**Student:** 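This is the structure, below, for whatever I ask next.
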Number of protein chains: 4
Amino acid sequence: MAKKIQILIVGHNENGYTHEVGKIAYETGAEVAKSGAVLITGGLKGVMEAASQGAKDAGGITVGIIPQNEASFANPYCDIVIPSGVGLARDFLNALAGDGVIVIGGGSGTLSETCAAYMYKKPIVAIKNTGGIADKFADQYIDHRKNVLIIGVSTPKEAVQTILEKIKSNTT
Amino acid sequence: MAKKIQILIVGHNENGYTHEVGKIAYETGAEVAKSGAVLITGGLKGVMEAASQGAKDAGGITVGIIPQNEASFANPYCDIVIPSGVGLARDFLNALAGDGVIVIGGGSGTLSETCAAYMYKKPIVAIKNTGGIADKFADQYIDHRKNVLIIGVSTPKEAVQTILEKIKSNTT
Amino acid sequence: MAKKIQILIVGHNENGYTHEVGKIAYETGAEVAKSGAVLITGGLKGVMEAASQGAKDAGGITVGIIPQNEASFANPYCDIVIPSGVGLARDFLNALAGDGVIVIGGGSGTLSETCAAYMYKKPIVAIKNTGGIADKFADQYIDHRKNVLIIGVSTPKEAVQTILEKIKSNTT
Amino acid sequence: MAKKIQILIVGHNENGYTHEVGKIAYETGAEVAKSGAVLITGGLKGVMEAASQGAKDAGGITVGIIPQNEASFANPYCDIVIPSGVGLARDFLNALAGDGVIVIGGGSGTLSETCAAYMYKKPIVAIKNTGGIADKFADQYIDHRKNVLIIGVSTPKEAVQTILEKIKSNTT
């Protein structure tokens, strides 16, 4: 099997994005790359761009799955662009493309991706103190079904280590 | 314009569904039908089926947009079935097909539909005391963007009246 | 089961559309309505609009499944609009929403819908002498798999009768 | 811009696939890899698998966009799997993900991808004498709109050279 481990990072687009969260996203992207996994993001700005830049600077491979039908809408740090053409429903494509998901801050789009990942029972971690959805759902289940616990973590390094452990225990 | 007003009702599938919530869903579906609007649902069981049955019993038209690619997966109270074939990403189709959304209880799927509706700035009301997502988000915004307030209401009648007012003020 | 029979009519949008083909589309839509079936179309102009107008004038119910995410892009003869938001991939939604398909003329979009219907093994008829895809594929299979023969017919009435027979023999 | 050139190869799945066509697909995948472009395929068997294997053996990067929602359905030569979860509508995702398309033989699914690419005005080449759709549409337009000519070529090398020229002239 040629397939590499694929990790999805989700979080704010430009709106709601801060320099501090961007730094965390950059480092998380770099950690994904260092682990040898492929980084998947929604391919746009904010956390998606910062994480992709971090992964590229660390020598990784980056994929951006965007709502639009033209690759030119993606940020410049995506090696591969999937211009889905399905609008915001691409949130479900993102969730399915990740073997596991790391949540950094985020708003309604991030929550939609997190719900999708939860319904498909993907491992999910949330980096605490990044605000938004990450803090709202860290260490919680999204609903009474308790599909997967959203594991709260403290650092980019811990995020990637934890998600890799969960992915590996899923596939063995 | 032949187009009728289209109201989406979202809530639990079988899992998490109670008799009490079913009664509210049935009545809300009936109120939608009495208003002359078309009822849109996710076409499966639980709240979706109860609302559709209520609408049919009140002489309305019902549409079920389902994840599967065969109409036979829909509940028996859908006049028209859209077997989307796109899996759970059909949550976005539901949200787009509703001119407004009524939330009754609900879990992660309901939350995903609510996020989709919120991102597309659709009017949203939640019937209080139905548990799950409806109670968690009634009278709140999903994120800092404050796209649309999820208006908490107390009864099926109030839900339909409120959503119709919001839909009408959107289109004038 | 409340579900009505759903018949998809496909054909040219404005580009490639002629008055003559429009008349046939109008009559075919009317025949669908008279049979009691729901008319499904792609909801835009050309054949889609003419068929929908015919169905409305004959007292039928019409559904338009459009690529865009706003109902206002649909033609004015759709009772129900499904603004899919998935771009041209909505061709697959159309094919799945039809229990059978009637092809009238048509270009690449019509061919894409016909391929989708063929892959999902839906009954397909093509009205001969309407040009484009209808004439190119009437009485033929799309490929060596011979999933379904595209049955060539001569009139709107024959188209609807034939597709109804095929749909009924599929479900019994 | 980190983005690499992305070339989509389309053709038969297992059904309709021959050893001879497989050899051509393998060589075409290898040529894509040697050019430095990323290979996109539908990620399943037949031409998709042979092309992916060729690209891997030549040191390239391969992406498989599959209809299912689990990566395990992909062939073993995909570095990155996009389990779209949208069923056969993934044909549109494939077409959008390719900056250009190479058609090798193929049936109704290949034709659906070719129509999608044609509607989105992507450069398309067809390798002649590979049967099916490639031979049926080589050196032709799909419809009267004449969006893009499907350029007939004779060898894998010519296919990749031609598609790269067309992609480059599109972006300058």
Side-chain angles (χ1 to χ4, degrees), chain B residues 1-8 33 36-40 43 49 52-53 55-57 59-86 89-100 116-117 119-122 167 170-171, chain C residues 1-8 33 36-40 43 49 52-53 55-57 59-86 89-100 116-117 119-122 167 170-171:
Chain B
M1 284 294 266
K3 186 183 167 294
K4 292 166 177 40
I5 290 178
Q6 302 176 190
I7 297 178
L8 173 68
V38 169
L39 175 65
I40 311 281
E49 180 163 17
S52 301
Q53 188 175 4
K56 285 312 301 166
D57 287 352
I61 296 178
T62 54
V63 178
I65 306 177
I66 61 174
Q68 296 90 348
N69 57 31
E70 289 193 17
S72 57
F73 288 93
N75 72 59
Y77 304 104
C78 300
D79 292 308
I80 295 163
V81 178
I82 308 293
S84 69
V86 300
R90 79 81 154 77
D91 288 355
F92 276 80
L93 295 177
N94 284 356
L96 285 168
D99 298 313
M119 288 190 275
Y120 283 116
K121 298 188 184 171
K122 303 278 184 171
I167 291 169
N170 262 9
T171 53
Chain C
M1 282 295 264
K3 186 182 167 294
K4 292 165 177 41
I5 290 177
Q6 302 176 188
I7 297 177
L8 173 68
V38 169
L39 175 65
I40 312 281
E49 181 164 14
S52 301
Q53 189 176 3
K56 285 312 301 167
D57 287 352
I61 297 178
T62 54
V63 178
I65 306 177
I66 61 174
Q68 297 89 350
N69 57 33
E70 289 193 16
S72 57
F73 287 92
N75 71 60
Y77 304 104
C78 300
D79 292 308
I80 294 163
V81 178
I82 308 293
S84 70
V86 300
R90 81 80 156 76
D91 287 355
F92 277 79
L93 296 176
N94 284 356
L96 285 169
D99 298 312
M119 287 191 275
Y120 284 116
K121 300 187 182 171
K122 303 276 185 173
I167 291 169
N170 261 8
T171 53

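Sequence lines set the chain letters: A, B, ... in the order given, protein chains first and strands last, and positions in each chain run from 1. Treat the numbers as computed from the prediction; the structure is a model and nothing was measured.
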**Student:** If I measure from the heavy atoms of chain C, does Val81(B) come under 4.5 Å with its side chain, its backbone, both, or neither?
**Tutor:** both
**Student:** At a heavy-atom separation under 4.5 Å, does Lys56(B) approach chain C through its side chain, its backbone, both, or neither?
**Tutor:** side chain
**Student:** Between SG of Cys78(C) and NZ of Lys4(B), what distance do you get to the nearest 0.5 Å?
**Tutor:** 11.0 Å
**Student:** Out of curiosity, Arg90(B) CZ to Ile66(B) CD1, how far, rounded to the nearest 0.5 Å?
**Tutor:** 8.5 Å
**Student:** Among the options Gly98(B), Pro83(B), Ser72(B), Ala74(B), pick out the one with the most heavy-atom pairs lying under 4.5 Å from chain C.
**Tutor:** Pro83(B)
**Student:** Heavy-atom cut-off 4.5 Å, strictly under: side chain, backbone, both or neither for Tyr77(B) against chain C?
**Tutor:** backbone
**Student:** Checking Ile5(B) against chain C: side chain, backbone, both or neither under 4.5 Å from a heavy atom?
**Tutor:** neither
**Student:** So which of Val86(C), Ile40(C), Ile65(C), Leu93(C) has the biggest tally of heavy-atom pairs under 4.5 Å with chain B?
**Tutor:** Leu93(C)
**Student:** Could you give me the CA-CA distance, side-chain angles and deciding distance for Ile61(C) and Gln6(C), then say whether side-chain contact (heavy atoms from CB on, under 4.5 Å) is met?
**Tutor:** CA-CA 10 Å; Ile61(C) 297 178; Gln6(C) 302 176 188; over 6 Å; no
**Student:** Hey, mind stepping through Val38(B) and Thr62(B) against side-chain contact (heavy atoms from CB on, under 4.5 Å) and telling me if it holds?
**Tutor:** CA-CA 6 Å; Val38(B) 169; Thr62(B) 54; over 6 Å; no
**Student:** Could you state the interatomic distance from CG (Asp99(C)) to CD1 (Ile7(C)), rounded to the nearest 0.5 Å?
**Tutor:** 8.0 Å
**Student:** So which atom in Lys122(B) and which in Ala95(B) form the shortest heavy-atom distance, rounded to 0.1 Å?
**Tutor:** CE-O, 3.4 Å
**Student:** Mind ranking Ile82(C), Asn94(C), Leu96(C) by heavy-atom pairs under 4.5 Å with chain B and telling me who comes out on top?
**Tutor:** Leu96(C)
